[in-house]
Chemist: 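Provided herewith is a single structure, encoded as structure tokens, for subsequent inquiry.
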Amino acid sequence: QVQLVESGGGSVQAGGSLRLSCAASGDTTSTYCMGWFRQAPGKEREGVAVIGSSGRTTYADSVKGRFTISQDNAKNTLYLQMNSLKPEDTAMYYCAANSFIYRMGGYCVTNKNEYNNWGQGTQVTVSS
């Protein structure tokens, strides 16, 4: 099992930036993919950005060019740099880890069903 704790959420105006962090502990060596997901009130949880152990990244179309996912393996920490934030980015953001599905080449997907470890979430609110 992998324990995940998010931080860095908050309230910003449209056009602003935030950086989310996710500290991982436990059996992190068995993790194939890590990612950020978000859920707005009344909506399904959706994938935002994911990264494999090789560093290969995948982004949702809605955040391409604005968000950057990265990881510091020495610190067991995952990051999400969010720039040019929009009101539609408002949501609870969750960190997740996949430790049970491996794809050839270390390719990771934004399908939430492929992630079996979840953090508690951090709220991001963007005002217009």
Side-chain angles (χ1 to χ4, degrees):
Q1 286 289 335
V2 180
Q3 291 76 49
L4 304 168
V5 179
E6 304 96 334
S7 61
S11 297
V12 296
Q13 289 192 327
S17 299
L18 282 174
R19 188 174 85 152
L20 306 183
S21 299
C22 172
S25 60
D27 191 14
T28 58
T29 58
S30 66
T31 298
Y32 301 123
C33 304
M34 292 193 72
W36 290 96
F37 294 74
R38 67 186 181 187
Q39 187 168 17
K43 294 190 175 182
E44 290 272 332
R45 188 170 299 188
E46 62 175 359
V48 175
V50 298
I51 186 168
S53 55
S54 65
R56 183 174 179 177
T57 58
T58 301
Y59 293 90
D61 288 343
S62 59
V63 305
K64 282 181 181 176
R66 300 189 298 123
F67 291 10
T68 303
I69 188 171
S70 62
Q71 59 188 2
D72 185 331
N73 292 327
K75 295 182 179 180
N76 286 330
T77 302
L78 182 73
Y79 301 99
L80 184 68
Q81 178 66 44
M82 305 186 294
N83 298 328
S84 302
L85 282 161
K86 303 175 181 180
E88 51 264 44
D89 294 319
T90 295
M92 184 71 79
Y93 282 71
Y94 297 91
C95 175
N98 162 21
S99 59
F100 74 115
I101 295 179
Y102 176 74
R103 293 172 178 267
M104 290 296 291
Y107 178 66
C108 298
V109 299
T110 54
N111 183 344
K112 63 181 183 295
N113 295 320
E114 292 198 8
Y115 293 78
N116 57 327
N117 300 276
W118 293 87
Q120 295 298 307
T122 185
Q123 178 68 37
V124 171
T125 303
V126 184
S127 58
S128 57

Chemist: Is there a continuous path of hydrophobic side-chain contacts, each under 4.5 Å between heavy atoms, that joins Val2 to Tyr32?
Modeler: no
Chemist: Please say whether the positively charged group of Arg45, taken as NZ for Lys or CZ for Arg, lies over the ring of Tyr94, i.e. under 6.0 angstrom from the six-membered ring centre and within 45 degrees of the axis.
Modeler: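 Satisfied, under 6.0 Å and within 45°.
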Chemist: Out of curiosity, Asn113 CG to Asn98 CG, how far, rounded to the nearest 0.5 Å?
Modeler: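 Atom-to-atom, Asn113:CG and Asn98:CG are 11.0 Å apart.
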Chemist: How far apart are the C-alpha atoms of Tyr59 and Thr110, what are their side-chain angles, what is the distance that settles it, and do they pass the side-chain contact (heavy atoms from CB on, under 4.5 Å) test?
Modeler: CA-CA 8 Å; Tyr59 293 90; Thr110 54; over 6 Å; no
Chemist: Per the side chain to side chain donor-acceptor pair (under 3.5 Å) rule, what does the pair list look like for residues 8-19, sequence neighbours excluded?
Modeler: Ser17-Asn83
Chemist: Are Leu78 and Met82 linked, directly or through intermediate hydrophobic residues, by side-chain heavy-atom contacts shorter than 4.5 Å (ILVMFWY only)?
Modeler: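 Per the 4.5 Å side-chain linkage, Met82 and Leu78 are co-clustered.
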Chemist: Is a donor from one side chain sitting under 3.5 angstrom from an acceptor on the other, for Asn116 and Ser99?
Modeler: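 Side-chain D/A pair, Asn116 to Ser99: present.
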Chemist: Please tell me if the side chains of Arg103 and Val109 come closer than 4.5 Å, counting only heavy atoms from C-beta onward.
Modeler: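 A side-chain contact under 4.5 Å exists here.
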Chemist: Counting C-beta onward and ignoring hydrogens, is there a side-chain heavy-atom pair between Trp36 and Cys22 closer than 4.5 Å?
Modeler: yes
Chemist: Consider only side-chain N and O atoms of Thr29 and Asp27, and report whether a donor and an acceptor are under 3.5 Å apart.
Modeler: yes
Chemist: Flag the pair Lys112 and Glu46 as a salt bridge only when some basic side-chain nitrogen lies within less than 4.0 angstrom of an acidic carboxylate oxygen.
Modeler: no
Chemist: Can you hop from Ile51 to Val48 via hydrophobic side chains spaced under 4.5 Å?
Modeler: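 Result: yes, single cluster for both.
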Chemist: On a heavy-atom basis, which atom in Met34 and which in Ile69 lie closest, and how many Å separate them?
Modeler: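 Distance-wise, the nearest heavy atoms are O-CD1, 4.1 Å.
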Chemist: Applying a strict under-4.5 Å side-chain criterion to I, L, V, M, F, W and Y, I'd like to know whether Val124 and Met92 cluster together.
Modeler: no
Chemist: Could you measure the distance from the SG atom of Cys95 to the CD atom of Gln120? Nearest 0.5 Å is fine.
Modeler: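 Separation between the atoms: 11.5 Å.
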Chemist: Same hydrophobic cluster for Leu85 and Tyr79, using side-chain heavy-atom links shorter than 4.5 Å among ILVMFWY?
Modeler: no
Chemist: Run the salt-bridge test on Lys64 and Asp61 with the 4.0 Å N-O cut-off and return the result as yes or no.
Modeler: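 Yes, this pair counts.
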Chemist: Does the ring centre of Trp118 sit less than 6.0 Å away from the ring centre of Phe37?
Modeler: yes
